[in-house]
Amino acid sequence: RVKKGARTALVYSCRAAAYWGMDNLTACVDDLIMSLEKELADETFMLMLEISCSDFKAVADKLEVKRSSDASDRWPFCLGAIYNLADNTDKAIYYFQEAFRIANRPFYASCVTACYMCKRDWGNAILYADKAIAAAGNSIYYYLEKAEVYWYADRLSDEQLQTLSAARIL
């Protein structure tokens, strides 16, 4: 049993990695979910992605259980990430959109933008780039992402170039 404290998420994450090294996938995924529940730390997130490559169903099923019982944005975000890694772009979009509806974080809209770019669905990619800009309060990063969508779509007009230039992006 793990004692509660400031480093609880890290303990669960380390223990999940240890269980994974011992081929105890059930205990590994259980501790991974416990760690994600406490904190969405980079190390735990990366471990989740790596484990999902080995046993996608085990990770997806556990994340789905958490999603159905907890209205947090972290569970659909994690599901979107593993579906994206598994090249299931449509499911990734669905879950990233859900995370964005829950939390209105620009990064989630950016994830949707990237998925639509992979599908070469430029209209929806631009739509979500605009949502990221609105959610971020005009962060330069998201303007650059929008410019990237236009560039890949070969649709950057002179007017858009002037707009980006006026915002001191180009």
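Below, all heavy atoms of this structure are taken into account, side chains as well, without hydrogens, waters or symmetry copies.
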I want to check something: taking the side chain as every heavy atom from C-beta on, are [X] and [Y] in contact at a cut-off of under 4.5 Å?
X     : Y      : result
Leu10 : Glu43  : no
Glu98 : Ile102 : yes
Phe96 : Phe107 : no
Met46 : Glu50  : no

Shortest non-hydrogen contact from [X] to [Y]?
X      : Y      : value
Cys115 : Thr89  : O-CG2, 3.5 Å
Gly80  : Ala92  : O-CB, 3.4 Å
Glu145 : Ala132 : OE1-CB, 4.4 Å

| Is the distance between the ring centroids of Tyr83 and Phe56 less than 6.0 Å? | yes

**OP:** State yes or no: are the ring centers of Phe45 and Phe77 separated by less than 6.0 Å?
**Re:** yes

*asked:* When you measure from the centre of the six-membered ring of Tyr128, is the NZ or CZ of Lys131 closer than 6.0 Å and no more than 45° off the axis?
replied: yes

Same apolar cluster (I L V M F W Y, side chains within < 4.5 Å links), [X]/[Y]:
X      : Y      : answer
Met48  : Val29  : yes
Trp20  : Leu36  : yes
Val65  : Trp75  : no
Tyr143 : Tyr141 : yes
Tyr19  : Val11  : no

Inter-residue atom distance [X].[atom1] - [Y].[atom2], 0.5 Å rounding:
X     : Y     : atom1 : atom2 : result
Thr8  : Glu37 : OG1   : CD    : 11.0 Å
Leu79 : Arg74 : CG    : CZ    : 13.0 Å
Ile93 : Asn84 : CD1   : CG    : 8.5 Å

Is it true that Lys66 and Asp70 have a side-chain N and a carboxylate O under 4.0 angstrom from each other? no

The residue among Ile33, Leu32, Leu49 that forms side-chain contact (heavy atoms from CB on, under 4.5 Å) with Thr44 is Leu32

(request) List the steps and the verdict of side-chain contact (heavy atoms from CB on, under 4.5 Å) for Leu25 and Ile51. (result) CA-CA 9 Å; Leu25 192 62; Ile51 294 168; 3.9 Å; yes

Is a side-chain donor or acceptor of Thr113 paired with a backbone partner of Ala109 at a separation under 3.5 angstrom?
-> yes

Is a side-chain donor or acceptor of Ser52 paired with a backbone partner of Val59 at a separation under 3.5 angstrom? no

Exactly one candidate in Lys62, Lys38, Arg15 meets salt bridge (Lys or Arg N to Asp or Glu O under 4.0 Å) with Asp31; the answer is Arg15

Exercise. Evaluate the side-chain contact (heavy atoms from CB on, under 4.5 Å) criterion for residues Cys78 and Leu40: first the C-alpha distance (whole Å), next the side-chain angles of each, then the deciding distance (0.1 Å), finally the verdict.
Key: CA-CA 9 Å; Cys78 288; Leu40 188 55; 3.9 Å; yes

Check the side chains of Tyr108 and Asp73 for a donor-acceptor pair under 3.5 angstrom, ignoring hydrogens and angles.
-> yes

Practice problem: Report the C-alpha separation of Tyr150 and Glu148 in whole Å, then their side-chain angles, then the decisive distance to 0.1 Å, and conclude whether the side-chain contact (heavy atoms from CB on, under 4.5 Å) test is met. | Solution: CA-CA 5 Å; Tyr150 278 114; Glu148 181 182 26; over 6 Å; no

Are Tyr95 and Arg67 close enough, and set up right, to give a side-chain contact (heavy atoms from CB on, under 4.5 Å), and what steps lead you there?
-> CA-CA 10 Å; Tyr95 287 116; Arg67 177 180 160 263; 3.7 Å; yes

